[in-house]
Amino acid sequence: MDTLSAVPCVLSKAVREAIVNCKVLVVGAGGIGCEILKNLALSGFKNIEIIDLDTIDVSNLNRQFLFRKEHVGLPKAEVARNTVLNYNPLLNVKAYHDSITTSDYGVNFYKNFDLVLNALDNRTARNHVNRMCLAADVPLIESGTSGYTGQVELIKKGYTQCYECQPKPPQKSFPGCTIRNTPSEPVHCIVWAKHLFNQLFGEADPDQDVSPDTADPELAADAGKLALIDDGVDVHRKSTYLWAKEIDYNAEKLFNKFFQDDIKYLLSMENLWKKRKPPKPLAWAEAASHEGDIEQENSEDNPKTEEMQAWSLSKCSKVFASSVSKLKEELSHKSFLVWDKDHKEGMDFVTACANIRAHIFSIAQKSRFEVKSIAGNIIPAIATTNAIAAGLSILHAFKVLGKEYEKCTPTYIRQKSSSAKTLLMAESTLIKANPNCYVCTEKPSVNVSVNVTQMTVKEFETEILKKTLNMIAPDALLEGKNVVVISSEEGETDINNDKTLQEIGIRDGSILKVDDFVQNYELTIYITNYVPSDITQPQFKVDAKSEIYKPIQEVNGDESDINGKSKMDSNETDDKMATSSEDDLIEVIEAQDAVDDPQEGSSAKRKKSNVAEEQRGSTKRRKLDSSEEQDDDLIMLDDDDILY
Ligand SMILES: Nc1ncnc2c1ncn2[C@@H]1O[C@H](COP(=O)(O)OP(=O)(O)OP(=O)(O)O)[C@@H](O)[C@H]1O
Ligand SMILES: [Zn+2]
């Protein structure tokens, strides 16, 4: 077969030849990655490399179509490779079962490729690939989805903004293992409680397992085995639904299984608790007799208080038992129940379970009102959106191979709520790099304001260099003194860890040269001593420009703007052009028109007026947003959320 015959004929000869001869790297073989790989293979790409750190979970099968039941437990990258080879055995496909963030994949690795396609689910990896592609000067196509929305954009040095040019909103997405093993925020417990509702009363969904996750990457392979033998916990973890039926939804037994036995099992996974506070198993008897807030117990007469106040533990267990019994009764008339935040019993059940779990993990309690607003916003991954994003990625790839970078404008998948239509919105021009970006400018630098007499070197490394500035293995040199104050070599500078910055010579006006060899990234940090005036002020500030040291309200403006779709709106809109299609289901529309949509309009318009502020405040917001890395297994969206 002529190698070009498989290549879409509508493309120019040059692009068709490039497709056959180029080498591409796909990072992530999950929801979008599988679709991208299938598209690449069927569009005539011949040299493909795939990297994914994970193995196949049963919950992946509903949308990661390169995988089948018999592949569960096997490395995603390798199975994906074998499946695309079945499509075309002449392909040259290499698979890596590994994390892209390890130092094995340095700049020279990236230089092997004409194009990198990201199909990731977390910011750490996205930041990293962004930095590596900039360093290697390889075009990167970045994609992300969230429920029915998504986006795809080209990142190309000298042409476009990079992944880190604009601030990202706080992440609201969680890996399955966080939900099942190591919750650290109320929302993790709420997601878990909703899953428990579905396991007990709803439709079975393997994505929503609530039992401890033994495939957690933090665990050694044999973790938790001891507990399986010792504790008499149900090793086979038979269907929760069947088991609950067998015990006739006995509240005490259910309670003891989910809040005592499963927690004991989690405790046996010792690796998880080396750096975290371990959970405390809770028995039914203990919870029911827990000395709660007595006033609260009496608040049942006052529905307002009841709704707005976090319940005591004994109240949670009471509500748990009563809602279980009512839901059981309801289930006896139906084949399954569908969770709805406006369904009283379901909402009671979730509030109680979420708070009991929060108590076990020493997480703040939430009122029924708060739980309702959080629980109502959780949305799952949608296969169709992934497929659209992957299709757009390939269309971008064609343009990149044809060197038509200017045509490769960011494209957004949006849901139009007034009808069932999906909208694809394309920017009319590329979004240029933020001149203050601390990643893609020629000599990146930031100002860090911090209390040098209080912050320790370890905190500086963890909170600022790693969590805020997204470094992986930083080495920091104190300029002038030429002293390495933080080293990526294990143990080399541990002696500094507990000293304050001042104690090791970092003061107001100090300059640090920080180098992350894993990311091929160098950053100059200018230190300013800063003492927060009160506890509402941030502990430290990271800014690209000194003039943005202003009171928080002044910089951030309306809180909702922080979560705005800054990318769409950071462009001038006078010349928004995109083709319009007659297609019934999917429309490609002019971005300007989207602003007129009642659903999109208010946020888009509001955000446009904040462009200057977005530019100025970008790095500061990043600091304020500094949160633990999370991936996108489950995503919570506000109307205004951008995607990744
Ligand atoms: N550092 C990394 N290196 C390589 N692959 C990564 C890295 N981080 C994440 N991935 C992979 O990116 C993929 C993202 O796919 P997706 O968002 O569909 O997640 P998933 O884990 O497969 O599914 P879900 O999260 O919805 O259960 C995953 O297969 C994940 O293993
Ligand atoms: Zn940038």
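Every number for a ligand or one of its atoms is a count from 1 in the order of the listing.
Taking any N or O of A381, backbone or side chain, none lies under 3.5 Å from an N or O belonging to ligand 1. When only interatomic distances are considered, the shortest N/O to N/O separation between G31 and ligand 1 falls below 3.5 Å.
Residue I32 does not touch ligand 1, judged by heavy-atom distances below 4.0 Å. Under 4.0 angstrom from ligand 1, the non-hydrogen atoms of A125 all belong to its side chain. Of the heavy atoms in K76, only side-chain atoms (C-beta onward) come closer than 4.0 Å to ligand 1.
The closest side-chain heavy-atom distance from N181 to M269 is below 4.5 Å. A heavy-atom distance below 4.5 Å is found between the side chains of L392 and I413. Counting only heavy atoms from C-beta outward, the side chains of I48 and V84 never approach each other to under 4.5 Å. The side-chain heavy atoms of Y159 and P139, taken from C-beta on, include no pair separated by under 4.5 Å.
Residues K513 and E522 are not paired through a salt bridge, judged by the lack of any N-O separation under 4.0 Å between the basic side chain and the carboxylate. Salt-bridge annotation for E78 and R81: absent, with no side-chain N of the basic residue lying under 4.0 Å from a carboxylate O of the acidic one. We find that K156 and D137 are joined by a salt bridge, their nearest charged nitrogen and carboxylate oxygen being less than 4.0 Å apart.
At least one heavy atom of R63 sits closer than 4.0 Å to an atom of ligand 1. Under a 4.0 angstrom heavy-atom cut-off, C34 registers as lying outside contact with ligand 1.
With N47 contributing its side chain and C22 its backbone, the two residues share a donor-acceptor pair below 3.5 Å. With hydrogens and angles ignored, the 3.5 Å screen pairs no side-chain donor or acceptor of H128 with any backbone N or O of T124.
The contact set between ligand 1 and D54, taken as ligand atoms under 4.0 Å from a residue heavy atom, comprises 31 (O). The contact set between ligand 1 and A119, taken as ligand atoms under 4.0 Å from a residue heavy atom, comprises 12 (O), 13 (C), 14 (C). Applying the 4.0 Å criterion to heavy atoms of N60 picks out, from ligand 1, the atoms 22 (O), 23 (O), 27 (O). Counting the atoms of ligand 1 from 1 in the order shown, those under 4.0 Å from a heavy atom of Q64 are 18 (O), 20 (P), 22 (O), 23 (O). Interface atoms of ligand 1 facing N122, defined by a heavy-atom separation under 4.0 Å, are 8 (N), 9 (C).
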Evaluation steps, side chain to side chain contact (heavy atoms under 4.5 Å, CB included), between K76 and Q64: CA-CA 10 Å; K76 284 184 170 180; Q64 299 175 19; 3.4 Å; yes

ring-ring contact (aromatic ring centres under 6.0 Å, His included) evaluation trace for F336 with Y241: CA-CA 10 Å; F336 58 86; Y241 176 75; 9.3 Å; no

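Here the Zn ion (ligand 2) has protein N, O or S atoms under 2.8 Å from it, and they come to 4.
When the options L53, T55, D98, N386 are ranked by their closest heavy atom to atom 7 (C) of ligand 1, first place goes to L53. In this structure, of V26, D121, N118, L120, the residue bringing a heavy atom nearest to atom 6 (C) of ligand 1 is L120.
In summary, of the residues considered (V400, V116, V24), a side-chain contact (heavy atoms from CB on, under 4.5 Å) with I141 occurs for V400 alone.
A tilted orientation is assigned to the rings of F201 and F197, their planes being inclined by 30° to 60°.
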